[in-house]
*Asks:* 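Take this structure first; my questions come after.
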Number of protein chains: 2
Amino acid sequence: MRPESRSMRESILAAAVQLFAQYGYHAAPLRDIARIAGIQAASIYHHYPSKQALLVEIMETHMLRLNASLEHILKENDDPLQRLHAAIANHIRLHTTYKEEFFIIDTEMRALEDEHRPYILSLRDKYEALLQELLQDGMEREIFRRSDVKIASYAIIAMCTEVATWFRPNGRLSVQQVNTIYRQFITEGLLLPPGVAAPMPDETAHLL
Amino acid sequence: MRPESRSMRESILAAAVQLFAQYGYHAAPLRDIARIAGIQAASIYHHYPSKQALLVEIMETHMLRLNASLEHILKENDDPLQRLHAAIANHIRLHTTYKEEFFIIDTEMRALEDEHRPYILSLRDKYEALLQELLQDGMEREIFRRSDVKIASYAIIAMCTEVATWFRPNGRLSVQQVNTIYRQFITEGLLLPPGVAAPMPDETAHLL
DNA sequence: GTCTATAGCTGGATAGAC
DNA sequence: GTCTATCCAGCTATAGAC
């Protein structure tokens, strides 16, 4: 594949990402994707066989990226809490960096045709299984509270994924701040421990 | 409005709920909605002015229901923890009872035309504001850990809303079980309190 | 590799009979 | 209140020139 060709391929994909995220797959006309990429609609078919192929490529690329990064974290860490912290940070980092792509993954599963849906779903299932493995291990080693592993994984994924919906790169909070807030919420919950209520908040004590 | 008329109105709406949830707004043809309701597509226009009107009515009805129930909870309770428990239970109850309707609210915001989107968004904002009021009050009264109120509200809403995606009425867990698991996760988090870490296994007790 | 032109279809919505 | 018939706009995708 020659460089000029690859460049146009990427321009088309970037335009598709933008419009799929903004209007949804079915509401985004191929003509508009072509216009943003700077060519005619028919020319897209030199680079991709169909509109559906654009959606599949967006979803596959980023689900593979997400899974590979979590597999790497599990391989490099043994401590359940370190693993969880790294997994949260990784999920939030990717969902803010590739915010539109993951928003599409989160909202356009139904737009996948029967031919491709099982494959993309299997990638999503794989991610859930990796996180559940992390949680199960942490519970067996008495680091995490024993709870329903599946529901815990769904809850963590849902709240960390939704960051892709509202996060703004130049908004009130940085990625690092969002990460810190989510980490504490997931590990410690909302409730103040009854006895420890008063003087020094844990999260600032170590700064002194 | 005569009874026969209202009945067909509801049949049409129910069919729209089913197909919007299953295929998405843009991918659900009006002809299919009509077929499920047992009439011809053109007859729908006697009951609703447009396809868009079906979507708006579904979203409005259930967002109003959700807001009214949370307002009622805030009025009837004063204790922050009781309020939070009631809010979680209420959110999960509605999102499992009207699972398709809330799934549509969660995934088809982009399908709203400019004329109606601000109104539906204002209802969603209202719900977030009510929950944030609950959280803010609980933090000021030293019941909840001080944290970012907006993010905490987004996290709680995201995880409790996603129940509408995977919950199955005759599945592994009852609504009550799901509610209990979520309640503990939100208030206490995943981590076991270090001191309270259960009876110590014999082979590690000597390390203390 | 990109273009113009258009095929082929499907969709929401309307007209007007009954 | 529901029907049949149809308009017409919009879409994805293809054909074939350059």
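Being a predicted model, the structure only gives us computed values, none of them experimental. Residue numbers start from 1 in every chain, and the chains themselves are labelled A, B, ... in the order their sequence lines are given, proteins ahead of strands. All values below come from the heavy atoms of this structure, side chains included, with hydrogens, waters and symmetry mates left out.
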*Asks:* Just the rounded figure in Å: distance from C1' of D:dT12 to CG of A:Leu54.
*Replies:* 12 Å

*Asks:* Is the shortest heavy-atom distance from the side chain of A:Trp166 to the side chain of B:Ile151 under 4.5 Å?
*Replies:* yes

*Asks:* Check whether any side-chain heavy atom of A:Ile186 sits under 4.5 Å from a side-chain heavy atom of B:Phe185, and report yes or no.
*Replies:* yes

*Asks:* With respect to the phosphate group of C:dT2, does any side-chain polar atom (N or O) of A:His47 fall under 4.0 Å of OP1 or OP2?
*Replies:* yes

*Asks:* Do A:Asp78 and A:Arg141 come within less than 4.5 Å of each other through their side chains, counting heavy atoms only?
*Replies:* yes

*Asks:* Is there a donor and acceptor pair closer than 3.5 Å between the side chain of B:Arg31 and the base of C:dG12?
*Replies:* yes

*Asks:* Whole angstrom is fine here: how far is it from NZ in A:Lys51 over to C1' in D:dT12?
*Replies:* 8 Å

*Asks:* To the nearest Å, how far apart are B:Tyr48 OH and D:dG1 P?
*Replies:* 13 Å

*Asks:* Rounded to the nearest angstrom, tell me the gap between atom CG in B:Leu30 and atom P in C:dT14.
*Replies:* 11 Å

*Asks:* Below 4.0 angstrom from OP1 or OP2 of D:dC3, is there any side-chain N or O of B:Ser43?
*Replies:* yes

*Asks:* For the pair A:Arg65 and A:Glu101, evaluate salt bridge (Lys or Arg N to Asp or Glu O under 4.0 Å) and give the outcome as yes or no after the intermediate values.
*Replies:* CA-CA 12 Å; A:Arg65 189 197 303 276; A:Glu101 289 87 342; over 6 Å; no

*Asks:* Rounding to an integer number of Å, can you tell me how far B:His26 NE2 sits from C:dG11 P?
*Replies:* 14 Å

*Asks:* For a quick check of understanding: with a heavy-atom distance under 4.0 Å over all strands, which category does A:Ala41 fall into, base, sugar-phosphate or nothing?
*Replies:* nothing

*Asks:* Without decimals, in angstroms, what is the distance between A:Tyr45 OH and C:dT2 P?
*Replies:* 16 Å

*Asks:* Side chain of B:Pro29 only, heavy atoms from C-beta on: which candidate in C:dG12, C:dC3, D:dT2 is closest?
*Replies:* C:dG12

*Asks:* Nearest of D:dT2, D:dA13, C:dG1 to any side-chain atom of B:His46?
*Replies:* D:dT2

*Asks:* By nearest nucleotide on DNA chain D, pick out whichever of A:Pro49 and A:Ala27 is the more 5' one.
*Replies:* A:Ala27

*Asks:* May I have the distance from B:Gln40 (atom CD) to C:dT14 (atom C1'), rounded to whole angstrom?
*Replies:* 15 Å

*Asks:* In whole angstrom, what separates B:Arg9's CZ from D:dT2's C1'?
*Replies:* 17 Å

*Asks:* What about the rings of A:Tyr127 and A:His91, do their centers lie closer together than 6.0 Å?
*Replies:* yes

*Asks:* Select base, sugar-phosphate, or nothing to describe what A:Ala28 touches, counting heavy atoms under 4.0 Å on all strands.
*Replies:* sugar-phosphate

